[in-house]
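Structure, as structure tokens:
Each residue takes its place number in the sequence, starting with 1.
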Amino acid sequence: MSFDLEWGRASVAGRKPANEDRAGHAQGQGSEAGHGAIGAIADGVSTGGLGAEAASTLVGALLRDYFATPGTWDTSVALDRVLLAHNQWLAGMNRRRRPAMGLSTLTALVLRGQTWTLAHVGDTRAYLLRGGLWQQLTTDHVLAHRDFAHQLTRSVGSDERLLVDYLQGDLLEGDRFVLLTDGVHGVLSEHALRGLAGTPGATPQAVADALVQAALSAGSRDDCTALVLQVRGASQATLHDRARQAHALPVPPRLRTGDLIDGLRVLGTVSDTGTHLLYRVAEAAPPALLDEAVPAEARHFVLKALAPQRAHDAVERDMLAHEAWLAERLQEGRAGRHLARLHAAPPGGEATAFYLLYDWLEGETLAPMLSRRPPVDIARAVDWAIQATQALGLLHRQGVIHRDIKPDNLHVGADGVVRVLDLGVALSGREPEATRLLHAGTASYINPEQWPGYDPALRGEAAPADARGDLFALGVTLYQLLAGGRLPYGEVMPYQLGRYHRDPVPPSRLNPSVPIWLDHLVLKAVARSAEQRFETAEELLLALQRGASRPLPAPAATPLAARSRLAPWQVALAFSLLLNLLLVCLVLVLRR
């Protein structure tokens, strides 16, 4: 469900010749819907002469640039990045003019999921009216002395180091937020503000108009601005909401074929990893026919839940909650085409247990295709690789690292679309610490530098996971498709370390139908050295799309000394043995 909001805004110059207050609001649409809604109010400082310009650019930049931030960022992080960037620009402008010409206060409110977030600098204010309770949410940044209460201690543009107050809370249907400049709250009492904001039956626009007119009637000499927001319905859950749900609901018991859960009939177990259970389920018949077979037209889903023995593992609950939140965020944008769709709740209503519900995808993963004879058609393999690379590029641009790309997690649907499965160990910047510290991925698809001790510069540590790890794993998958299931560096068991002592055999030697240009591309994608591999998904995508028209050069063979740290010693030992053998032969000859 998307937000159902009603806004009201009123702003007048009062007794001033020009209004230096600014207020505005915006709500995300389409791929930006996950950012929620934002409202902001600013009061330009008139002393410098450019207060109106400072307030106007500040509100405009915030309403515009907030929606350009990645959807995986926390709301306070997104606001902070935008505000700090604009503050540095404004402070730089003011540095050239003394005294400073353009300063402004700011109070911004963001609604996202079932949470509200406030960013505040200066003496504008935000109030919350909930269930008859009137609460001031912000603190004025002014001098404590009564005679200097109009002197600001903080403002946007006054210093390059901006300190912003952030506050978050739960969002409920029926909440009313009121944002005011000091021209209104400075002359009206708390009792008057509460009475006007809570006028029975008044719309937000009527409340905003009433507050401004009351301030003018009370003798306000300053600009008067009010921004009022009425929440009639919240949006989908945020990560915080998901985590709270994960700990509040019970883990479902082990389900058997035929069992019912929240109006879903279990058709069978798809996978049991010991940590997670995946079931194929379908919408059950109407209540009066629950004992009947599943209707032919019923929708099918994949239900993912924690195994009962992990029900008390708080870390696993948090990791699954992060997967749910990340899947919801990503499916709203262009990446959603290449992901299985996650449902926030079962079709019949609210969930009574903690689990994730994905669409069932017709088709199959790449895993069963690896050992088929004849091998996969080259053109189809390249097309799948292009789609998978596009999907990874979209994920990486959102700051998401998958960390477990392999044939089992790349699904080719009946519609021909390649989809990336299983975001359980993905990194988004907001993943639980346990997820971040986990050496994730399938051993045979992990790039060399992620193995401890491979890179001497890291002093026995493993390199952190990044986008190049996903591209390496995709290169290994493409190699397998072309080479009839063979792995470039051989199979690595979970309890083993990766072995990268030789360069991979070109796929064309195992499958003569592989063209030379594709040989070179795949060998570059799985090269032992990170410097020789593709740096970004866009670079790999361009090489795949150009194909034979712009072939890549053949990758250089890895020198013997670089293949193993023992190689120089092995060469020295061989030379020593040869020298000693020659000396023995010489001694034997001289004795004769």
Side-chain angles (χ1 to χ4, degrees), residues 1-3 28 32-37 69-78 110-117 168-173 231 233-252 261-262 264 275-278 301-307 310-333 335-336 339-347 349-359 395 398-403 421-436 438 440:
M1 179 181 68
S2 60
F3 277 118
E32 299 174 347
H35 285 73
T69 59
T72 52
W73 283 4
D74 184 77
T75 306
S76 58
V77 173
V110 174
L111 307 186
R112 199 172 183 182
Q114 283 92 48
T115 303
W116 56 262
T117 303
Q168 289 186 324
D170 294 332
L171 185 67
L172 299 179
E173 184 176 334
V231 180
S235 184
Q236 66 181 14
T238 62
L239 178 56
H240 175 74
D241 303 323
R242 278 293 189 181
R244 183 171 51 191
Q245 180 189 49
H247 290 275
L249 294 175
V251 169
I261 178 171
D262 297 333
L264 299 169
T275 301
H276 300 108
L277 286 163
L278 274 68
F301 307 92
V302 173
L303 188 151
K304 182 176 183 179
L306 287 174
R310 307 304 289 268
H312 300 292
D313 192 330
V315 172
E316 290 293 348
R317 285 178 180 255
D318 287 338
M319 291 174 66
L320 198 57
H322 174 260
E323 178 183 347
W325 169 79
L326 185 59
E328 285 185 324
R329 293 282 80 75
L330 293 174
Q331 71 189 17
E332 295 166 354
L339 298 172
R341 181 168 184 78
L342 178 76
H343 296 266
E350 296 297 323
T352 60
F354 175 50
Y355 56 82
L356 309 188
L357 197 64
Y358 289 98
D359 274 341
L395 294 183
Q398 290 292 315
V400 176
I401 309 300
H402 187 278
R403 293 206 299 174
L421 307 180
D422 193 1
L423 297 169
V425 294
L427 300 180
S428 67
R430 298 190 61 193
E431 68 282 345
E433 184 179 7
T435 303
R436 186 167 56 255
L438 183 67

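The shortest distance between side-chain heavy atoms of His343 and Asp359 falls below 4.5 Å. Counting only heavy atoms from C-beta outward, the side chains of Glu323 and Lys304 approach each other to under 4.5 Å. Looking at Arg310 and Val251, their side chains never come closer than 4.5 Å, going by heavy atoms from C-beta outward. With a 4.5 Å cut-off on side-chain heavy atoms, His322 and Met319 do not count as touching.
With Arg317 contributing its side chain and Ala246 its backbone, the two residues share a donor-acceptor pair below 3.5 Å. Listed for the Glu431 side chain is a donor-acceptor partner under 3.5 Å among the backbone atoms of Ser428. Remark: side-chain polar atoms of Gln168 are not paired, donor with acceptor, to backbone N or O of Thr115 under 3.5 angstrom. Remark: the backbone N or O of Leu320 is not paired with any side-chain donor or acceptor of His276 at under 3.5 angstrom. Judged by distance alone, the side chain of Asp262 and the main-chain N or O of Thr352 form a donor-acceptor pair under 3.5 Å. Proximity of a side-chain donor or acceptor of Arg403 to a complementary backbone N or O of Val425 within less than 3.5 Å is detected.
Scanning both residues, Val315 and Ala434, for their nearest heavy atoms gives CG1-CB, 3.2 Å. Closest heavy-atom contact between Tyr355 and Pro346: OH-CG, 3.5 Å.
Donor-acceptor pairing under 3.5 Å is lacking for the side chains of Asp422 and His402.
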